[in-house]
Number of protein chains: 2
Amino acid sequence: MSRKLAYRNLPQLFLKAREELLCHFRPIITHFGLTEQQWRILRALGEMEQLEPREICEHCHILSPSMTGVLSRMEEMGLVTRVRMPEDQRRVIVRLTPKSEQLVSELGPLIVEQYKIIEQAFGPELIKELYEVMDRVIAAERGPISRIELPPKKDWANLKF
Amino acid sequence: MSRKLAYRNLPQLFLKAREELLCHFRPIITHFGLTEQQWRILRALGEMEQLEPREICEHCHILSPSMTGVLSRMEEMGLVTRVRMPEDQRRVIVRLTPKSEQLVSELGPLIVEQYKIIEQAFGPELIKELYEVMDRVIAAERGPISRIELPPKKDWANLKF
DNA sequence: ATTCAATCATTAACATATTAGCCAGTCAAC
DNA sequence: GTTGACTGGCTAATATGTTAATGATTGAAT
(Lines give C-alpha, C1' and ligand atoms only; values in the text may rest on other atoms or scores of the structure.)
Protein backbone atom coordinates (compact mmCIF):
# COMPACT_ATOMS: atom_id res chain seq x y z
CA MET A 1 0.00 0.00 0.00
CA SER A 2 2.08 2.85 -1.36
CA ARG A 3 1.05 5.96 0.57
CA LYS A 4 2.85 8.23 -1.83
CA LEU A 5 0.69 11.28 -2.49
CA ALA A 6 0.17 12.49 -6.02
CA TYR A 7 1.73 15.88 -5.29
CA ARG A 8 5.13 16.64 -3.82
CA ASN A 9 4.98 18.76 -0.68
CA LEU A 10 5.08 22.21 -2.21
CA PRO A 11 5.18 24.34 0.95
CA GLN A 12 8.09 22.20 2.10
CA LEU A 13 9.89 22.87 -1.17
CA PHE A 14 9.45 26.56 -0.53
CA LEU A 15 10.93 26.08 2.90
CA LYS A 16 13.94 24.28 1.49
CA ALA A 17 14.52 26.76 -1.31
CA ARG A 18 14.20 29.65 1.11
CA GLU A 19 16.75 28.10 3.43
CA GLU A 20 19.01 27.51 0.45
CA LEU A 21 19.00 31.25 -0.17
CA LEU A 22 19.00 32.43 3.41
CA CYS A 23 22.08 30.46 4.39
CA HIS A 24 24.09 32.87 2.25
CA PHE A 25 22.74 35.91 4.10
CA ARG A 26 22.43 34.62 7.65
CA PRO A 27 26.17 34.90 8.44
CA ILE A 28 26.14 38.56 7.43
CA ILE A 29 23.09 39.36 9.52
CA THR A 30 24.23 37.51 12.64
CA HIS A 31 27.66 39.12 12.28
CA PHE A 32 25.94 42.37 13.19
CA GLY A 33 24.16 40.78 16.14
CA LEU A 34 20.78 40.78 14.42
CA THR A 35 18.17 38.13 13.83
CA GLU A 36 16.66 37.66 10.40
CA GLN A 37 13.37 39.24 11.52
CA GLN A 38 15.15 42.24 13.02
CA TRP A 39 16.93 42.85 9.73
CA ARG A 40 13.66 42.63 7.80
CA ILE A 41 12.26 45.35 10.04
CA LEU A 42 15.38 47.53 9.85
CA ARG A 43 15.39 47.25 6.08
CA ALA A 44 11.71 48.18 5.87
CA LEU A 45 12.17 51.19 8.17
CA GLY A 46 15.22 52.25 6.19
CA GLU A 47 13.09 52.44 3.08
CA MET A 48 9.89 53.84 4.57
CA GLU A 49 11.22 56.29 7.19
CA GLN A 50 8.39 55.56 9.63
CA LEU A 51 5.85 52.79 10.03
CA GLU A 52 3.21 51.60 12.45
CA PRO A 53 3.56 48.12 13.98
CA ARG A 54 0.55 46.91 12.00
CA GLU A 55 2.19 48.07 8.77
CA ILE A 56 5.47 46.39 9.68
CA CYS A 57 3.57 43.17 10.31
CA GLU A 58 2.13 43.18 6.81
CA HIS A 59 5.29 44.30 5.10
CA CYS A 60 7.63 41.90 6.91
CA HIS A 61 5.23 38.98 7.32
CA ILE A 62 5.52 38.81 11.07
CA LEU A 63 2.41 38.21 13.15
CA SER A 64 1.31 40.88 15.58
CA PRO A 65 2.02 38.94 18.80
CA SER A 66 5.57 38.25 17.63
CA MET A 67 6.00 41.88 16.63
CA THR A 68 5.38 43.07 20.18
CA GLY A 69 8.36 41.10 21.46
CA VAL A 70 10.64 41.84 18.55
CA LEU A 71 10.05 45.60 18.78
CA SER A 72 10.51 45.55 22.55
CA ARG A 73 13.89 43.90 22.20
CA MET A 74 14.89 46.23 19.38
CA GLU A 75 13.88 49.24 21.45
CA GLU A 76 15.90 47.84 24.35
CA MET A 77 18.89 47.52 22.01
CA GLY A 78 18.45 51.10 20.86
CA LEU A 79 17.60 50.10 17.28
CA VAL A 80 14.14 51.67 17.11
CA THR A 81 11.98 54.22 18.89
CA ARG A 82 8.31 53.71 19.64
CA VAL A 83 6.08 56.74 20.11
CA ARG A 84 2.33 56.71 20.68
CA MET A 85 0.34 58.89 18.30
CA PRO A 86 -1.23 61.79 20.21
CA GLU A 87 -4.37 61.89 18.09
CA ASP A 88 -4.98 58.15 18.39
CA GLN A 89 -3.62 56.58 21.54
CA ARG A 90 -4.03 53.08 20.10
CA ARG A 91 -1.49 53.60 17.35
CA VAL A 92 2.29 53.78 17.52
CA ILE A 93 4.99 55.20 15.28
CA VAL A 94 8.19 53.19 14.88
CA ARG A 95 11.38 54.78 13.56
CA LEU A 96 15.06 54.01 13.20
CA THR A 97 17.54 55.55 15.61
CA PRO A 98 20.80 57.21 14.52
CA LYS A 99 22.55 54.02 15.57
CA SER A 100 20.37 51.78 13.40
CA GLU A 101 20.52 54.26 10.51
CA GLN A 102 24.26 53.78 10.64
CA LEU A 103 23.86 50.02 10.95
CA VAL A 104 21.60 49.83 7.91
CA SER A 105 23.95 51.94 5.85
CA GLU A 106 26.77 49.53 6.65
CA LEU A 107 24.83 46.30 6.36
CA GLY A 108 22.73 47.13 3.30
CA PRO A 109 25.60 47.27 0.79
CA LEU A 110 26.92 43.92 2.06
CA ILE A 111 23.54 42.33 1.43
CA VAL A 112 23.53 43.75 -2.08
CA GLU A 113 27.01 42.36 -2.68
CA GLN A 114 25.81 38.92 -1.60
CA TYR A 115 22.86 39.17 -3.97
CA LYS A 116 25.24 39.87 -6.83
CA ILE A 117 27.33 36.85 -5.96
CA ILE A 118 24.26 34.64 -5.76
CA GLU A 119 22.96 36.05 -9.01
CA GLN A 120 26.17 35.04 -10.74
CA ALA A 121 26.20 31.59 -9.14
CA PHE A 122 22.55 30.82 -9.81
CA GLY A 123 22.47 32.52 -13.17
CA PRO A 124 20.68 35.83 -13.71
CA GLU A 125 17.83 34.13 -15.58
CA LEU A 126 17.02 31.93 -12.61
CA ILE A 127 16.82 34.93 -10.31
CA LYS A 128 14.63 36.73 -12.77
CA GLU A 129 12.33 33.72 -13.13
CA LEU A 130 12.24 33.38 -9.37
CA TYR A 131 10.96 36.89 -8.84
CA GLU A 132 8.47 36.41 -11.63
CA VAL A 133 7.04 33.10 -10.42
CA MET A 134 6.90 34.33 -6.82
CA ASP A 135 4.92 37.37 -7.87
CA ARG A 136 2.50 35.20 -9.78
CA VAL A 137 1.93 32.96 -6.77
CA ILE A 138 1.41 35.93 -4.51
CA ALA A 139 -0.90 37.56 -7.02
CA ALA A 140 -3.15 34.49 -7.06
CA GLU A 141 -6.19 35.53 -5.06
CA ARG A 142 -6.67 33.92 -1.66
CA GLY A 143 -10.42 34.41 -1.59
CA PRO A 144 -11.92 32.71 -4.65
CA ILE A 145 -10.21 29.40 -4.00
CA SER A 146 -12.88 26.99 -2.82
CA ARG A 147 -12.36 24.91 0.27
CA ILE A 148 -12.86 21.20 0.45
CA GLU A 149 -15.42 19.93 2.91
CA LEU A 150 -13.90 18.42 6.01
CA PRO A 151 -15.15 15.19 7.63
CA PRO A 152 -16.59 15.34 11.15
CA LYS A 153 -13.91 16.06 13.68
CA LYS A 154 -12.55 13.17 15.69
CA ASP A 155 -10.39 13.63 18.76
CA TRP A 156 -7.38 11.83 17.36
CA ALA A 157 -5.23 12.79 20.31
CA ASN A 158 -7.36 10.70 22.64
CA LEU A 159 -8.49 7.89 20.34
CA LYS A 160 -7.47 4.45 21.50
CA PHE A 161 -6.42 1.77 19.04
CA MET B 1 19.08 59.52 0.85
CA SER B 2 16.99 56.73 -0.58
CA ARG B 3 17.97 53.57 1.26
CA LYS B 4 16.20 51.34 -1.22
CA LEU B 5 18.37 48.31 -1.91
CA ALA B 6 18.92 47.17 -5.47
CA TYR B 7 17.35 43.78 -4.83
CA ARG B 8 13.92 42.99 -3.45
CA ASN B 9 14.05 40.80 -0.34
CA LEU B 10 13.96 37.38 -1.97
CA PRO B 11 13.81 35.18 1.15
CA GLN B 12 10.89 37.29 2.30
CA LEU B 13 9.14 36.70 -1.02
CA PHE B 14 9.56 32.97 -0.45
CA LEU B 15 8.03 33.39 2.98
CA LYS B 16 5.05 35.23 1.56
CA ALA B 17 4.50 32.81 -1.30
CA ARG B 18 4.79 29.87 1.06
CA GLU B 19 2.20 31.36 3.39
CA GLU B 20 -0.02 32.02 0.39
CA LEU B 21 0.00 28.30 -0.33
CA LEU B 22 -0.04 27.03 3.21
CA CYS B 23 -3.13 28.99 4.20
CA HIS B 24 -5.10 26.61 1.98
CA PHE B 25 -3.78 23.52 3.74
CA ARG B 26 -3.52 24.74 7.33
CA PRO B 27 -7.27 24.43 8.07
CA ILE B 28 -7.22 20.80 6.96
CA ILE B 29 -4.20 19.96 9.08
CA THR B 30 -5.38 21.72 12.22
CA HIS B 31 -8.81 20.12 11.78
CA PHE B 32 -7.11 16.84 12.62
CA GLY B 33 -5.37 18.35 15.64
CA LEU B 34 -1.97 18.41 13.98
CA THR B 35 0.65 21.08 13.49
CA GLU B 36 2.21 21.64 10.09
CA GLN B 37 5.49 20.06 11.24
CA GLN B 38 3.71 17.01 12.62
CA TRP B 39 1.97 16.48 9.29
CA ARG B 40 5.27 16.74 7.43
CA ILE B 41 6.65 13.97 9.62
CA LEU B 42 3.55 11.79 9.33
CA ARG B 43 3.58 12.16 5.56
CA ALA B 44 7.26 11.23 5.39
CA LEU B 45 6.79 8.18 7.60
CA GLY B 46 3.76 7.16 5.57
CA GLU B 47 5.93 7.06 2.46
CA MET B 48 9.11 5.61 3.98
CA GLU B 49 7.76 3.12 6.50
CA GLN B 50 10.54 3.78 9.01
CA LEU B 51 13.08 6.54 9.50
CA GLU B 52 15.68 7.66 12.00
CA PRO B 53 15.31 11.12 13.61
CA ARG B 54 18.33 12.35 11.71
CA GLU B 55 16.74 11.30 8.42
CA ILE B 56 13.46 12.94 9.34
CA CYS B 57 15.33 16.15 10.10
CA GLU B 58 16.83 16.23 6.62
CA HIS B 59 13.69 15.15 4.82
CA CYS B 60 11.31 17.50 6.65
CA HIS B 61 13.69 20.42 7.17
CA ILE B 62 13.36 20.49 10.92
CA LEU B 63 16.45 21.03 13.04
CA SER B 64 17.50 18.35 15.47
CA PRO B 65 16.73 20.24 18.71
CA SER B 66 13.19 20.93 17.48
CA MET B 67 12.80 17.33 16.39
CA THR B 68 13.36 16.06 19.92
CA GLY B 69 10.35 17.96 21.22
CA VAL B 70 8.13 17.28 18.22
CA LEU B 71 8.73 13.53 18.37
CA SER B 72 8.22 13.48 22.14
CA ARG B 73 4.84 15.12 21.79
CA MET B 74 3.89 12.85 18.89
CA GLU B 75 4.89 9.80 20.91
CA GLU B 76 2.83 11.12 23.79
CA MET B 77 -0.15 11.47 21.44
CA GLY B 78 0.33 7.93 20.20
CA LEU B 79 1.22 9.04 16.68
CA VAL B 80 4.71 7.47 16.49
CA THR B 81 6.84 4.88 18.24
CA ARG B 82 10.51 5.37 19.04
CA VAL B 83 12.73 2.32 19.46
CA ARG B 84 16.48 2.32 20.07
CA MET B 85 18.51 0.20 17.68
CA PRO B 86 20.10 -2.73 19.53
CA GLU B 87 23.27 -2.78 17.41
CA ASP B 88 23.87 0.96 17.84
CA GLN B 89 22.45 2.42 21.01
CA ARG B 90 22.87 5.94 19.70
CA ARG B 91 20.37 5.50 16.89
CA VAL B 92 16.58 5.35 17.01
CA ILE B 93 13.88 3.99 14.69
CA VAL B 94 10.69 6.01 14.32
CA ARG B 95 7.51 4.45 12.90
CA LEU B 96 3.84 5.23 12.51
CA THR B 97 1.31 3.62 14.84
CA PRO B 98 -1.93 1.98 13.66
CA LYS B 99 -3.70 5.14 14.77
CA SER B 100 -1.51 7.43 12.70
CA GLU B 101 -1.60 5.03 9.73
CA GLN B 102 -5.35 5.50 9.83
CA LEU B 103 -4.95 9.24 10.24
CA VAL B 104 -2.66 9.52 7.23
CA SER B 105 -4.98 7.45 5.08
CA GLU B 106 -7.83 9.84 5.91
CA LEU B 107 -5.87 13.08 5.72
CA GLY B 108 -3.74 12.33 2.68
CA PRO B 109 -6.58 12.26 0.13
CA LEU B 110 -7.92 15.55 1.46
CA ILE B 111 -4.54 17.17 0.90
CA VAL B 112 -4.48 15.83 -2.64
CA GLU B 113 -7.95 17.24 -3.25
CA GLN B 114 -6.78 20.65 -2.07
CA TYR B 115 -3.79 20.47 -4.41
CA LYS B 116 -6.13 19.84 -7.32
CA ILE B 117 -8.25 22.83 -6.39
CA ILE B 118 -5.17 25.03 -6.11
CA GLU B 119 -3.83 23.71 -9.37
CA GLN B 120 -7.02 24.75 -11.12
CA ALA B 121 -7.06 28.17 -9.45
CA PHE B 122 -3.39 28.95 -10.04
CA GLY B 123 -3.28 27.33 -13.44
CA PRO B 124 -1.48 24.03 -14.03
CA GLU B 125 1.42 25.75 -15.80
CA LEU B 126 2.18 27.90 -12.78
CA ILE B 127 2.34 24.84 -10.53
CA LYS B 128 4.57 23.10 -13.00
CA GLU B 129 6.88 26.10 -13.27
CA LEU B 130 6.92 26.37 -9.50
CA TYR B 131 8.18 22.84 -9.03
CA GLU B 132 10.72 23.38 -11.77
CA VAL B 133 12.13 26.66 -10.47
CA MET B 134 12.22 25.36 -6.89
CA ASP B 135 14.21 22.35 -7.98
CA ARG B 136 16.67 24.56 -9.81
CA VAL B 137 17.19 26.74 -6.75
CA ILE B 138 17.68 23.71 -4.53
CA ALA B 139 20.03 22.15 -7.07
CA ALA B 140 22.27 25.21 -7.00
CA GLU B 141 25.31 24.17 -5.02
CA ARG B 142 25.77 25.66 -1.57
CA GLY B 143 29.50 25.18 -1.46
CA PRO B 144 31.03 26.98 -4.40
CA ILE B 145 29.28 30.25 -3.70
CA SER B 146 31.93 32.61 -2.41
CA ARG B 147 31.36 34.62 0.72
CA ILE B 148 31.87 38.33 1.01
CA GLU B 149 34.39 39.51 3.53
CA LEU B 150 32.84 40.96 6.64
CA PRO B 151 34.06 44.11 8.36
CA PRO B 152 35.44 43.88 11.90
CA LYS B 153 32.72 43.11 14.39
CA LYS B 154 31.34 45.95 16.46
CA ASP B 155 29.15 45.42 19.48
CA TRP B 156 26.17 47.27 18.07
CA ALA B 157 23.98 46.25 20.97
CA ASN B 158 26.07 48.27 23.39
CA LEU B 159 27.25 51.12 21.17
CA LYS B 160 26.20 54.56 22.40
CA PHE B 161 25.23 57.29 19.98
C1' DA C 1 -24.04 61.41 27.07
C1' DT C 2 -24.22 56.43 26.52
C1' DT C 3 -23.78 52.34 24.20
C1' DC C 4 -21.73 49.32 21.00
C1' DA C 5 -18.95 47.47 17.50
C1' DA C 6 -14.48 47.88 15.59
C1' DT C 7 -9.48 48.70 15.92
C1' DC C 8 -4.78 48.26 17.67
C1' DA C 9 -1.55 46.61 20.59
C1' DT C 10 -0.70 43.46 23.97
C1' DT C 11 -0.68 39.21 26.93
C1' DA C 12 -1.04 34.22 27.62
C1' DA C 13 -0.03 29.55 26.44
C1' DC C 14 1.97 26.47 23.72
C1' DA C 15 4.94 24.83 19.67
C1' DT C 16 8.84 25.48 16.90
C1' DA C 17 13.48 27.87 15.27
C1' DT C 18 18.17 28.78 16.27
C1' DT C 19 22.64 28.47 18.32
C1' DA C 20 25.71 26.43 21.52
C1' DG C 21 27.06 22.89 24.29
C1' DC C 22 26.61 18.23 26.55
C1' DC C 23 26.75 13.18 26.98
C1' DA C 24 26.65 8.47 25.94
C1' DG C 25 27.91 5.21 22.47
C1' DT C 26 30.92 3.74 18.55
C1' DC C 27 35.16 2.92 16.21
C1' DA C 28 39.72 3.08 14.82
C1' DA C 29 44.55 3.97 16.18
C1' DC C 30 47.71 3.25 19.33
C1' DG D 1 42.57 -2.09 26.81
C1' DT D 2 43.05 3.09 26.46
C1' DT D 3 42.88 6.99 24.17
C1' DG D 4 40.79 10.19 21.14
C1' DA D 5 37.97 11.66 17.24
C1' DC D 6 33.49 11.18 15.82
C1' DT D 7 28.46 10.42 15.71
C1' DG D 8 23.56 10.87 17.15
C1' DG D 9 20.36 12.45 20.17
C1' DC D 10 19.64 15.44 23.71
C1' DT D 11 19.46 19.79 26.97
C1' DA D 12 19.64 24.73 27.67
C1' DA D 13 18.68 29.44 26.54
C1' DT D 14 16.70 32.68 23.83
C1' DA D 15 13.75 34.27 19.88
C1' DT D 16 9.92 33.68 17.02
C1' DG D 17 5.42 31.37 15.23
C1' DT D 18 0.58 30.46 16.17
C1' DT D 19 -3.97 30.83 18.12
C1' DA D 20 -7.06 32.74 21.40
C1' DA D 21 -8.29 36.17 24.45
C1' DT D 22 -7.70 40.75 26.95
C1' DG D 23 -7.68 45.87 27.50
C1' DA D 24 -7.57 50.35 26.18
C1' DT D 25 -9.19 53.55 22.67
C1' DT D 26 -11.82 55.31 19.08
C1' DG D 27 -15.86 56.49 16.29
C1' DA D 28 -20.42 55.88 14.96
C1' DA D 29 -25.16 55.01 16.33
C1' DT D 30 -28.36 55.69 19.63
Side-chain angles (χ1 to χ4, degrees), chain A residues 11-12 14-16 18-19 22-23 25-42 51-77 79-80 82-94 157, chain B residues 11-12 14-16 18-19 22-23 25-42 51-77 79-80 82-94 157:
Chain A
Q12 189 169 304
F14 272 84
L15 197 61
K16 186 171 183 177
R18 175 180 141 83
E19 176 57 29
L22 209 47
C23 70
F25 295 103
R26 206 187 302 275
I28 306 175
I29 294 169
T30 63
H31 178 82
F32 286 81
L34 299 175
T35 66
E36 192 226 329
Q37 291 83 349
Q38 289 172 344
W39 166 241
R40 290 214 299 272
I41 293 172
L42 289 183
L51 290 168
E52 301 176 37
R54 175 179 36 84
E55 298 173 313
I56 305 178
C57 284
E58 294 169 27
H59 190 85
C60 298
H61 307 292
I62 297 173
L63 294 180
S64 182
S66 298
M67 187 58 66
T68 299
V70 177
L71 288 182
S72 294
R73 281 180 287 274
M74 291 179 76
E75 191 177 30
E76 194 72 21
M77 285 188 262
L79 297 178
V80 298
R82 284 193 290 183
V83 181
R84 288 210 169 277
M85 287 179 66
E87 63 273 28
D88 188 339
Q89 290 293 320
R90 293 169 301 183
R91 299 161 71 186
V92 171
I93 294 293
V94 182
Chain B
Q12 189 170 303
F14 273 84
L15 197 63
K16 186 171 184 177
R18 175 180 142 84
E19 177 57 29
L22 208 48
C23 70
F25 294 103
R26 207 188 301 275
I28 307 176
I29 295 169
T30 62
H31 178 82
F32 286 80
L34 299 175
T35 65
E36 192 226 330
Q37 291 85 346
Q38 289 172 344
W39 166 241
R40 290 213 299 273
I41 294 173
L42 289 183
L51 290 168
E52 300 177 36
R54 175 179 37 84
E55 298 173 313
I56 305 178
C57 285
E58 293 170 27
H59 190 87
C60 297
H61 307 292
I62 296 173
L63 295 180
S64 180
S66 298
M67 186 59 67
T68 298
V70 177
L71 287 181
S72 295
R73 281 180 285 273
M74 291 179 76
E75 192 177 29
E76 194 73 22
M77 286 189 262
L79 296 178
V80 298
R82 283 194 290 184
V83 182
R84 284 208 171 278
M85 287 178 68
E87 62 274 27
D88 190 337
Q89 290 292 319
R90 293 170 301 182
R91 300 161 70 185
V92 172
I93 295 293
V94 182

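Chain A is the first sequence line, chain B the second, and so forth, proteins listed ahead of strands; every chain is numbered from 1.
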Side chains of B:Ser72 and B:Arg82 only: does a donor on one sit below 3.5 Å from an acceptor on the other?
yes

In whole angstroms, the gap separating C1' of C:dA20 from CG of B:Leu63 amounts to 13 Å

On DNA chain D, compare the nucleotides closest to B:Thr68 and A:Arg90; which residue's is nearer the 5' end?
B:Thr68

For the student: nearest non-hydrogen atoms of B:Pro53 and B:Val92, plus distance
CD-O, 3.3 Å

Closest non-hydrogen atom pair, A:Gln12 against B:His59:
NE2-O, 2.6 Å

Considering every strand and a 4.0 Å limit on heavy-atom distances, what is the contact class for A:Glu36: base, sugar-phosphate, or nothing?
nothing

What residue among B:Leu79, B:Ile41, B:Ile28 forms side-chain contact (heavy atoms from CB on, under 4.5 Å) with B:Leu34?
B:Leu79

note: B:Leu22, atom CG; C:dT16, atom C1'; distance rounded to Å ~ 14 Å

Atom-pair distance (CD on A:Glu87; P on C:dT7), nearest Å:
19 Å

Atom CD1 of A:Ile62 and atom P of C:dA17: how far apart are they, to the nearest Å?
16 Å

Using heavy-atom distances to pick each residue's nearest nucleotide on DNA chain D, tell me which of A:Gln37 and A:Met85 is more 5'.
A:Gln37

Please give, in whole Å, the distance from C:dT16 P to B:Ile56 CD1?
13 Å

Using side-chain heavy atoms (C-beta onward) and a distance below 4.5 Å, is A:Arg54 in contact with A:Met67?
no

Calculate the interatomic distance between A:Asp88 atom CG and C:dC8 atom P; express it in whole Å.
8 Å

Take the protein atom CD of A:Glu52 and the nucleotide atom C1' of C:dT10, then report the distance between them rounded to whole Å.
16 Å

Along DNA chain D, 5' to 3', what are the outermost nucleotides having an atom less than 4.0 Å from a heavy atom of chain A?
D:dA15 to D:dT26

Taken to the nearest whole Å, CG/B:Leu79 to C1'/C:dA15 is 15 Å

May I ask you to evaluate whether B:Ser66 reaches the phosphate of C:dA15, defined as a side-chain N or O under 4.0 Å from OP1 or OP2?
no

Using a 4.0 Å heavy-atom cut-off, does A:Thr35 contact any base of the nucleic acid, only the sugar-phosphate backbone, or nothing at all?
sugar-phosphate

For the side chain of A:Glu55 and the backbone of A:Glu52, is there at least one donor-acceptor N/O pair under 3.5 Å apart?
yes

First encountered from the 5' end of DNA chain C, between B:Val70 and A:Thr30:
B:Val70

According to the salt bridge (charged side-chain N to carboxylate O under 4.0 Å, His left out) rule, which pairs have a member within residues 26-36 of chain A, sequence neighbours left out?
A:Arg18-A:Glu36, A:Glu19-A:Arg26, A:Glu36-A:Arg40

